[in-house]
Amino acid sequence: MNKYLPVLFLIFSLNAAAQRTREVQHQNHFWTSINTQARISNKIFLVGDFHVRRTNYLKNNNFYYTRAGVGYIINKNLSVSLSGGHMWLANKTATTELFVNENRLVQQVQLNQPLGKVQLSQRFRLEERWIQKVVNNELTDNYRYSTRYRYQLGLNIPLSKNKYVPSIALSDELMLQTGKDIVYNNFDQNRLFAGIKQQITPSLAFDFGYMHVWQQRLSGYQYNLNHTIRWFFYWQPDFRKKHTTANP
């Protein structure tokens, strides 16, 4: 009988794992940000972001994130950038609220292509992430590392030749990750967005709409389904010196 016990144990274990049901937590978010890309020369630009996301729309903290870096324009459609970011992620229990620290190194390639009247954008980001560990609802000095791969495909569909008339904005971003602590969730999340984009001034615009976020947690069987109202601002100032031609 003893020689059959390991086999029986394996069968029961596999059966229990197969019967573990997917747990989905539904959340409502409001997410706003200011995203800056400032030209300082014909080839060089500076990037800077600040993001705020709250749960139960505006009631509770979710995260704060800031990022800064530099980019290089290869041609009119293609650019690359390197930046560093820091996130404060809220970890709330019934009695306490902690802010978990996360540091990021972000490498990005951006390709913009016109398809007739439609503007197509493709963005690939490689993020190296160091996320602070929490044990027994207390922050520790230890961090878990992961590498995240992000690919975003976006469409901007104009409704008028007048650039100050809102256009339709659609995008989808897939995120995958690897690392020694990433065992059950190599798939991280998918973000699907639909809304409008509005030009306010030549250097300032925003998009506003709904984002559906499907995220897998570390356990592998737990998921977050986030219904998110997104309102992102884009500031693109030009600090290049303007050269004027002297009158003859």
Side-chain angles (χ1 to χ4, degrees), residues 29-41 43-55 61-74 78-91 98-112 121-133 139 143-154 156 169 171-179 182 188-193 195 197 200 203-209 211 213 215 224 226 228-239:
H29 285 165
F30 176 78
W31 188 352
T32 188
S33 71
I34 177 70
N35 306 271
T36 302
Q37 182 172 304
R39 292 284 294 274
I40 59 174
S41 76
K43 290 292 186 179
I44 305 297
F45 61 91
L46 302 178
V47 295
D49 301 348
F50 181 69
H51 295 251
V52 177
R53 194 170 81 182
R54 300 184 68 84
T55 58
N61 292 310
N62 185 246
F63 71 63
Y64 299 88
Y65 176 65
T66 186
R67 181 175 72 98
V70 62
Y72 181 79
I73 298 171
I74 297 173
L78 183 64
S79 66
V80 295
S81 65
L82 176 66
S83 59
H86 185 85
M87 175 180 284
W88 297 264
L89 178 64
N91 188 318
L98 306 174
F99 282 92
V100 178
N101 292 287
E102 177 182 335
N103 297 308
R104 295 182 185 177
L105 182 63
V106 184
Q107 297 122 81
Q108 175 176 304
V109 178
Q110 176 89 29
L111 177 64
N112 298 319
S121 66
Q122 297 182 78
R123 186 182 75 190
F124 176 75
R125 278 184 178 174
L126 175 66
E127 293 178 328
E128 297 169 90
R129 307 167 70 203
W130 293 265
I131 305 169
Q132 191 174 21
K133 292 183 178 181
L139 298 174
Y143 286 73
R144 59 181 172 88
Y145 172 82
S146 69
T147 302
R148 186 161 69 176
Y149 310 88
R150 302 172 51 167
Y151 173 73
Q152 183 189 79
L153 179 66
N156 189 64
S171 68
D172 187 61
E173 184 171 22
L174 174 65
M175 304 184 193
L176 306 175
Q177 58 185 348
T178 59
I182 307 301
D188 177 48
Q189 59 183 286
N190 190 80
R191 297 174 179 174
L192 181 64
F193 173 78
K197 186 166 186 179
I200 303 172
S203 62
L204 182 63
F206 70 81
D207 62 35
F208 180 83
M211 186 163 65
V213 181
Q215 182 177 23
N224 292 333
N226 302 330
T228 305
I229 300 299
R230 194 182 94 174
W231 194 9
F232 281 10
F233 290 86
Y234 304 91
W235 184 42
Q236 297 182 319
D238 190 341
F239 296 124

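Given the structure is predicted, the values throughout are model-derived calculations rather than measurements.
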*Asks:* Can you see which heavy atom on Asn61 is nearest to which on Thr55, and at what distance?
*Replies:* O-OG1, 3.9 Å

*Asks:* Can you measure from CD1 (Ile73) to OG (Ser81) and round to the nearest 0.5 angstrom?
*Replies:* 11.0 Å

*Asks:* Shortest non-hydrogen contact from Trp130 to Leu105?
*Replies:* CZ3-N, 4.2 Å

*Asks:* Check whether any side-chain N or O of Asn35 sits under 3.5 Å from a backbone N or O of Phe233 as a donor-acceptor pair, and report yes or no.
*Replies:* yes

*Asks:* What is the minimum heavy-atom distance between Val80 and Phe45, and which atoms define it?
*Replies:* O-CZ, 3.9 Å

*Asks:* Name all residues meeting the ring pair (Phe, Tyr, Trp, His ring centres under 6.0 Å) criterion together with Trp88; count only those two or more places apart in sequence or in a different chain, and write none if there are none.
*Replies:* His86

*Asks:* For the pair Thr32 (side chain) and Trp231 (backbone), establish whether a donor and an acceptor sit closer than 3.5 Å, ignoring hydrogens and angles.
*Replies:* yes

*Asks:* Could you tell me the separation between the OG atom of Ser79 and the CD1 atom of Ile74, rounded to the nearest 0.5 Å?
*Replies:* 7.5 Å

*Asks:* Take Tyr151 and Phe124 through the test ring pair (Phe, Tyr, Trp, His ring centres under 6.0 Å) and record every step on the way to the result.
*Replies:* CA-CA 5 Å; Tyr151 173 73; Phe124 176 75; 7.7 Å; no

*Asks:* For the side chain of Thr66 and the backbone of Asp49, is there at least one donor-acceptor N/O pair under 3.5 Å apart?
*Replies:* yes

*Asks:* Could you give the distance from CG (Asn62) to CZ (Arg53), rounded to the nearest 0.5 Å?
*Replies:* 4.0 Å

*Asks:* Would you check if there is a donor-acceptor pair between the side chains of Arg129 and Asn103 at a distance under 3.5 Å?
*Replies:* no

*Asks:* Side chains of Asn226 and Thr228: any donor to acceptor distance under 3.5 Å?
*Replies:* no

*Asks:* Angle between ring planes, His51 versus Tyr65, binned at 30° and 60°: parallel, tilted or perpendicular?
*Replies:* tilted

*Asks:* Looking at every non-hydrogen atom in both residues, tell me the closest pair between Gln132 and Tyr143 and how far apart they are.
*Replies:* N-CD2, 3.3 Å

*Asks:* I need the minimum non-hydrogen distance between Ser121 and Gln110, along with the two atoms involved.
*Replies:* CB-NE2, 3.7 Å

*Asks:* Would you say the side chains of Tyr149 and Asp188 form a donor-acceptor pair under 3.5 Å?
*Replies:* no

*Asks:* Can you give me the closest heavy-atom contact between Ala38 and Phe239, atom names plus distance?
*Replies:* CB-CE1, 3.7 Å

*Asks:* What residues, two or more places apart in sequence or in another chain, satisfy salt bridge (Lys or Arg N to Asp or Glu O under 4.0 Å) together with Arg150?
*Replies:* Glu127, Glu173

*Asks:* Does the side chain of Gln108 pick up a donor-acceptor pair with the side chain of Arg125 at under 3.5 Å?
*Replies:* yes

